[in-house]
Chemist: 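Sharing a structure below in structure tokens format, with a few things to ask.
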2 protein chains.
Amino acid sequence: MLKITRKVEYALIALRHMQSNKENGLTSAKEIASHYGIPQQLLAKTLQQMARDDIIEAVQGPAGGYRLIANLDLISLKDFFEQLEGPMGLMDCSFDSDCIQIGACNIRVPIQRINNNMRNMFSQMTLQEVTQ
Amino acid sequence: MLKITRKVEYALIALRHMQSNKENGLTSAKEIASHYGIPQQLLAKTLQQMARDDIIEAVQGPAGGYRLIANLDLISLKDFFEQLEGPMGLMDCSFDSDCIQIGACNIRVPIQRINNNMRNMFSQMTLQEVTQ
DNA sequence: GTAAATACGAGTAAAAAAGTCGTATTTATT
DNA sequence: AATAAATACGACTTTTTTACTCGTATTTAC
């Protein structure tokens with residue numbers, strides 16, 4: 001429990017790779033996948049998603065690839081995680097409230113408090129801290 | 001991602017229930033399960049595990065049940081989570097190091113740092129904060 | 001025109017989580 | 001002593017989530 005997904009993991013690996021590869025311009029999904037032993041197609045989707053989110057930029061055609069365009073200092077881990085995986089919550093009831101419990105649940109409020117602590121923590125860390 | 005399991009959720013619900021039920025002595029698994037709409041057998045296993053960990057005490061026989069024995073102020077959420085679910089880490093490589101990556105992984109160190117932040121946060125919160 | 005890259009929906013496989021079953025043990029009550 | 005109601009627990013099944021793959025379309029340098 002309390003794990004991040006492979007998708008997020010691969011995204012972070014790719015971002016760090018691209019950052020240290022800044023001078024060389026574009027980086028292809030294939031290059032990153034083979035370098036780190038990651039499934040290429042899965043990585044590609046994650047890169048595509050980050051491109052949609054304007055964190056990186058995609059260039060099509062042969063000799064195409066991706067390059068960093070966002071300032072990673074300005075993106076919190078919370079926002080990054082939520083862009084890739086949706087809202088962050090310790091329990092499902094943290095966002096969708098159609099829990100079967102008739103309202104009997106006795107830990108909703110304290111769990112929300114802990115949840116806020118966690119979101120707050122990830123709000124204060126930036127992508128740059130992971131990729132630098 | 002970053003979710004707690006149902007097991008932990010049920011454990012917290014049970015603890016809070018027992019705490020507010022302190023005067024009445026014992027509480028049975030059945031009572032909690034039916035009150036909160038939780039699968040009884042699953043809850044029972046979780047209660048048994050907490051009994052092994054000396055957080056609660058089990059009394060067998062008819063009219064048996066469980067009662068709180070630990071001081072919840074003294075148990076951190078980190079310790080509690082790890083007792084129920086094993087070591088806490090954002091990625092599997094956080095504890096078992098037999099990752100296929102030949103050592104190519106470029107985010108191990110920063111992930112460890114974030115991991116420490118998270119463990120630290122849960123170390124500073126106690127069970128009492130959830131059940132009070 | 002071809003090849004090498006991105007784009008992406010749909011489907012499959014694997015792993016983890018959640019829940020169930022069966023049976024044993026304990027013990028208060030009758 | 002028999003019964004019933006509770007805990008104890010290993011093994012199993014089901015469900016859900018995550019991880020991964022496939023097929024096909026599009027773009028574009030050469």
Side-chain angles (χ1 to χ4, degrees), chain A residues 1-11 13-14 18 25-34 36-67 69 81 84-87 89-92 96 99-101, chain B residues 1-11 13-14 18 25-34 36-67 69 81 84-92 96 99-100:
Chain A
M1 69 170 208
L2 291 172
K3 288 211 174 20
I4 60 173
T5 60
R6 289 278 167 85
K7 192 160 125 190
V8 167
E9 179 184 333
Y10 296 158
I13 289 175
M18 286 190 262
L26 296 171
T27 312
S28 71
K30 189 177 181 180
E31 178 185 334
I32 298 175
S34 66
Y36 297 98
I38 294 174
Q40 179 174 341
Q41 305 242 45
L42 193 49
L43 173 65
K45 290 199 173 189
T46 307
L47 292 168
Q48 284 155 28
Q49 191 168 352
M50 287 198 285
R52 281 194 298 271
D53 292 338
D54 293 318
I55 296 171
I56 61 181
E57 175 185 37
V59 175
Q60 286 198 327
Y66 301 90
R67 76 163 64 88
I69 53 167
F81 287 169
L84 288 177
E85 297 287 354
L90 290 170
M91 286 167 44
D92 286 336
D96 75 354
C99 176
I100 333 283
Q101 305 244 28
Chain B
M1 71 171 209
L2 292 173
K3 287 211 176 20
I4 60 174
T5 60
R6 289 278 166 87
K7 191 160 125 190
V8 167
E9 180 184 332
Y10 297 158
I13 289 175
M18 285 190 264
L26 296 172
T27 313
S28 71
K30 188 177 181 181
E31 178 186 333
I32 298 175
S34 66
Y36 297 99
I38 294 175
Q40 180 175 340
Q41 305 243 45
L42 193 50
L43 173 65
K45 292 200 172 184
T46 306
L47 291 168
Q48 284 156 27
Q49 190 168 352
M50 288 198 284
R52 281 193 298 272
D53 292 338
D54 293 318
I55 297 171
I56 60 181
E57 176 186 37
V59 175
Q60 286 198 327
Y66 302 90
R67 75 163 65 87
I69 53 168
F81 287 169
L84 288 178
E85 296 289 353
M88 172 187 304
L90 291 170
M91 286 166 44
D92 287 336
D96 74 353
C99 175
I100 333 281

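Quantities reported herein were computed from a predicted structural model and do not represent experimental measurements. Letters go in sequence order (proteins before strands), and every chain restarts at 1.
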Chemist: Given the rule in the side chain to side chain contact (heavy atoms under 4.5 Å, CB included) test, do B:V8 and A:L90 qualify, once you have shown the distances and angles that lead to the verdict?
Modeler: CA-CA 11 Å; B:V8 167; A:L90 290 170; over 6 Å; no
Chemist: In whole Å, what is the span from the CD atom of B:E9 to the P atom of C:dA18?
Modeler: 8 Å
Chemist: If I take atom CG in residue B:L84 and atom C1' in nucleotide C:dA18, what distance separates them, rounded to the nearest angstrom?
Modeler: 15 Å
Chemist: Would a 4.5 Å heavy-atom cut-off, applied to side chains only, mark B:Q49 and B:L84 as touching?
Modeler: yes
Chemist: In whole angstrom, what separates A:L43's CG from C:dA7's C1'?
Modeler: 14 Å
Chemist: If the cut-off is 4.0 Å, is A:R52 near the phosphate of C:dC8, judged by side-chain N/O to OP1 or OP2?
Modeler: yes
Chemist: Does some side-chain heavy atom of A:Y66 sit less than 4.5 Å from a side-chain heavy atom of A:T27?
Modeler: no
Chemist: In whole angstroms, how far is the P atom of D:dT7 from the CD atom of B:Q49?
Modeler: 16 Å
Chemist: B:E57 CD to D:dT7 P: how many Å, rounded?
Modeler: 13 Å
Chemist: Could you tell me the separation between the CZ atom of A:R67 and the P atom of C:dT6, rounded to a whole number of Å?
Modeler: 13 Å
Chemist: Should B:K7 and B:L42 count as side-chain neighbours, where that means a heavy-atom distance under 4.5 Å?
Modeler: no
Chemist: Suppose the criterion is salt bridge (charged side-chain N to carboxylate O under 4.0 Å, His left out): which pairs have a residue in residues 38-55 of chain B, not counting sequence neighbours?
Modeler: none
Chemist: Whole-Å distance between C:dA18 P and B:I13 CD1?
Modeler: 12 Å
Chemist: Please encode protein proximity along nucleotides 18-27 of chain D as a string of B, S and -, counting only heavy-atom distances under 4.0 Å.
Modeler: SSBBBB---B
Chemist: When you measure from the side chain of B:Q48, which nucleotide among D:dT7, C:dA5, C:dA7 comes out closest?
Modeler: D:dT7
Chemist: Quick one, A:M91 and B:K3 - any side-chain contact, counting heavy atoms below 4.5 Å?
Modeler: no
Chemist: Can you find a pair of side-chain heavy atoms, one from B:L47 and one from B:I56, that are under 4.5 Å apart?
Modeler: yes
Chemist: Return the value, rounded to whole Å, for the distance between atom CE of A:M91 and atom P of C:dA17.
Modeler: 16 Å
Chemist: Base, sugar-phosphate or nothing for A:A44? Non-hydrogen atoms, less than 4.0 Å.
Modeler: nothing
Chemist: So B:A29, base contact, sugar-phosphate only, or nothing? Heavy-atom distance under 4.0 Å.
Modeler: sugar-phosphate
